[in-house]
**Student:** 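Submitted below is the structure of interest, expressed as structure tokens.
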Amino acid sequence: MTRLAGSISMLAVMTVLGMGSALADTADKKIALSNNYAGNSWRQAMLRSWDKVTKPAVTAGIVAAADPFTTAENQVTEQAAQIQNLVLQGYNAIVLNAASPDALNGAVKEACDAGVIVVSFDGIVTEPCAWRIAVDFKQMGKDEVLYLKDKLPKGGNILEIRGLAGVFVDDAISKGIHEAVAENPQFKIVGSVHGDWDQAKAQAAVAGILPSLPNDIVGVVTQGGDGYGAAQAFKAAGRTTPIIIMGNRQDELAWWKEQKDANGYETMSASIAPGVSTLAFWVAQQILDGKDVPKDLTVPFLRVDQATLDKSLETTEKGGVANVEYSAEDAQKVVDAAKK
Amino acid sequence: MNGSVLSARTLRNLLPALSLLVLLAAIFYLQPRAISYVGFNLMLNLAIPIAFATIAQMCVITVNDLDLSIGTYVGFVACIGATLLSGGIGALPFIKDLQASGALPATLPWIMNTPLAGVLVLLMGIGVYALLGALIHLRNLPSIVVTLGMSFVWLGLSVLVLPVPGGQAPGWIKSLMTLKTPFIPFPIIAAVVIAVAAHILIMKTSYGAVLRGAGGNPKAIERAGWSLLKVKMAMFALAGFFGMLAGLSLVGLTTSGDANIALRYTLLSIAGVILGGGEFVGGRISPIGAVIGAATLTLAGSFLSFMRIPPDWQIGAQGAILIIVLALRTLIDRAEKRR
């Protein structure tokens, strides 16, 4: 009897130990963040999110270290050297926001050959041995039109504000918008301007094109950072404000809230959250844990709706961007979605 | 008395090597695993292009000039290497766009795919450098202004060739740069070969003495019947040649090109020459020292990152290392004079 009890308790101990080791498989692993630039509010928020999520993870013993490194200058050769140094410092995984999609491939390959896991996000690399966490910008553009379709089933004329010409993000969002418009012919894009993701530039561009546009513009599709400027341009021209899609910047959300309180204005807002760095962290941790993770992952963009507006605005600081940090479970969901 | 003079001079000659050794010892102390075959490969492979760029800069400094365009020139060569040299004219992005839109057939004739186009453009680059030397000599222009202007020309050309980062380095350069040599890591072998070749070329040949003399005492060289124009053109062409090697070795390491890839090389190459014992005037240079200087600068970056110095301070710390070495040299110089 005692022997049975003993073996049962032995079994229990072994199970607990087994579970413990499953949790702590990455306890001795070190993860580094290699970042090429820290000079704008988005990147600052990204680094703050990294600290906020990884410090408790290190304290809890999930990983041994999670140190952020930013190159002093936004230069490819410097980041390549940084990656090589991180390999030598014995990091098991490098989470990478790359200065160039192609020119770091040599350094990334060397890291992979040394057995280091490389997970790139936002600024992704094309080297096949690395993991990529990309945003489906095309879907973001599509969603904007689908939202308008929901609100305005009859359709109408819409104005498109684009980002910085020649950047692939601008291309992808715009493609999504145009595809969705082609599928929903009740909408018609009557004008398209480049606002460079900047309030002042967007305001000037919209003010310039407005006089040539018909009076019945029902919606403005944007790329983020340009919604507030568009609203100001419409106001200055004395036109009724259409549904302007916002891009998660604090001033955009504040304007939206003001309008909502005054006249029940409704719209939506979407952009990539700087906290995507924390998603990359968890993905790297899962790969180190031995999980099977597909090489190409898609991160959901952060969407603010009428119901979540107040809360998002509260947590977004002045001049900042609405943000969200990801948990290990979120990372698991993203991985599962990619496997399907 | 005589002995102390000798030791001051040998000390100055040994200073670059000594600073390199001190740095290596510090790195070994901080990160023992870096001092290994793999470690040296990783730490020093980006020193090869910097060493070439430093030798190129040294050639220009020999004749009392300064090249502020070497960084963008190296970037230009990298862009050519990733496009024309690997797939001929057909590898240029705008040709590919034309193909995609149907303006050009999908399969291009031989002449459009031959890497000879890349060889030709690179040779033209060296030619441009020789012409710059001639221009600076004939019109007596300040080289800083001419090369500063050229730096924008090279950058513009690189952006024309490769509007967005991309392209593919030729396979043979890639496999050469990632060569796994037995026992001694490839970057160390390459550095020794570069140093010895440059040393023989500039310090041991008789025309090398003329080249250096043109920096030390141009009048004497001219009176002796040598053409200063030819000397300047030769030195600038050599700079273009070594700059080309820098760009090709860099693109072999990064595997693809980017117009902004080597902007820092301008300052790094000047610092490397000075750190290696060269001086701005007088034809006083040291090719072996220059290569050691390039290696020191590269290792200084690794050292600072192993020290966990925040990146905002790293540039300053790199500058501090440079100033310490220069201060030591001045001290030795003063001791030499005081004899």
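Convention: sequence-line order gives letters A, B, ...; per-chain numbering from 1. Note that this is a predicted model, so its numbers are computed, not measured.
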**Student:** Counting only non-hydrogen atoms closer than 4.5 Å, does A:Glu78 touch chain B with its backbone (N, CA, C, O), its side chain (CB onward), both, or neither?
**Tutor:**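 Just its side chain gets close to chain B.
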**Student:** Check the surroundings of atom NZ in A:Lys295: do more than 12 heavy atoms from other residues, nucleotides or ligands lie under 6.0 Å from it?
**Tutor:**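 Atom NZ in A:Lys295 is packed in, count exceeds 12.
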**Student:** Indicate the atoms forming the closest heavy-atom contact of B:Ile261 with A:Ala103, along with that distance.
**Tutor:**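 Minimum heavy-atom contact is CD1-CB, 4.3 Å.
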**Student:** Look up atom OH in B:Tyr265 and atom OG1 in A:Thr77, then write down how far apart they are to the nearest 0.5 Å.
**Tutor:**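 Between B:Tyr265 OH and A:Thr77 OG1, I get 5.5 Å after rounding to 0.5 Å.
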**Student:** Could you give the distance from NZ (B:Lys180) to CG (A:Asp113), rounded to the nearest 0.5 Å?
**Tutor:**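 Nearest 0.5 Å value for the NZ-CG distance: 7.0 Å.
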**Student:** Nearest 0.5 Å, what's the CG-CG distance between A:Leu104 and B:Leu253?
**Tutor:**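 A:Leu104 atom CG to B:Leu253 atom CG measures 12.0 Å (nearest 0.5 Å).
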**Student:** Take B:Thr255 and A:Lys109 through the side chain to side chain contact (heavy atoms under 4.5 Å, CB included) test and state the conclusion after the steps.
**Tutor:** CA-CA 10 Å; B:Thr255 69; A:Lys109 185 83 184 38; over 6 Å; no
**Student:** At a 4.5 Å cut-off on heavy atoms, which part of B:Leu250 comes close to chain A: side chain, backbone, both, or neither?
**Tutor:**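 Just its side chain gets close to chain A.
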**Student:** Does the side chain of A:Gln84 come under 3.5 Å of the side chain of B:Asn45 through a donor N or O and an acceptor N or O?
**Tutor:**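 Yes, because at least one side-chain N or O of A:Gln84 sits under 3.5 Å from a partner of the opposite role on B:Asn45.
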**Student:** Would you say B:Leu98 has more than 12 foreign heavy atoms packed within less than 6.0 Å of its CG?
**Tutor:**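 Counting other residues, nucleotides and ligands, CG of B:Leu98 exceeds 12 neighbours.
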**Student:** If you look at every heavy atom in A:Leu88 and B:Met43, which pair is closest and at what distance?
**Tutor:**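 The answer is CD1-CG, 3.1 Å.
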**Student:** Out of A:Val87, A:Asp67, A:Val108, which one racks up the most heavy-atom pairs below 4.5 Å with chain B?
**Tutor:**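 Between A:Val87, A:Asp67, A:Val108, the count favours A:Asp67.
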**Student:** Which value, rounded to the nearest 0.5 Å, describes the distance between A:Asn85 atom CG and B:Phe303 atom CZ?
**Tutor:**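 One finds 12.0 Å between CG of A:Asn85 and CZ of B:Phe303.
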**Student:** I'd like to verify something: which residue of B:Leu263, B:Val38, B:Asn41 has the highest number of heavy-atom pairs under 4.5 Å with chain A?
**Tutor:**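 Of B:Leu263, B:Val38, B:Asn41, B:Leu263 has the most heavy-atom pairs under 4.5 Å with chain A.
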**Student:** Say whether, by atom type as modelled, one donor and one acceptor occur between the side chain of B:Thr254 and the main chain of A:Gly106 under 3.5 angstrom.
**Tutor:**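 Side chain of B:Thr254 to backbone of A:Gly106, a donor-acceptor pair under 3.5 Å: no, none is there.
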**Student:** In Å and rounded to the nearest 0.5 Å, what is the CD to OG1 distance from A:Glu110 to B:Thr178?
**Tutor:**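 So the CD of A:Glu110 and the OG1 of B:Thr178 are separated by 8.0 Å.
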**Student:** What is the distance from atom OG of B:Ser256 to atom CD of A:Glu127, rounded to the nearest 0.5 Å?
**Tutor:**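 That separation rounds to 10.0 Å.
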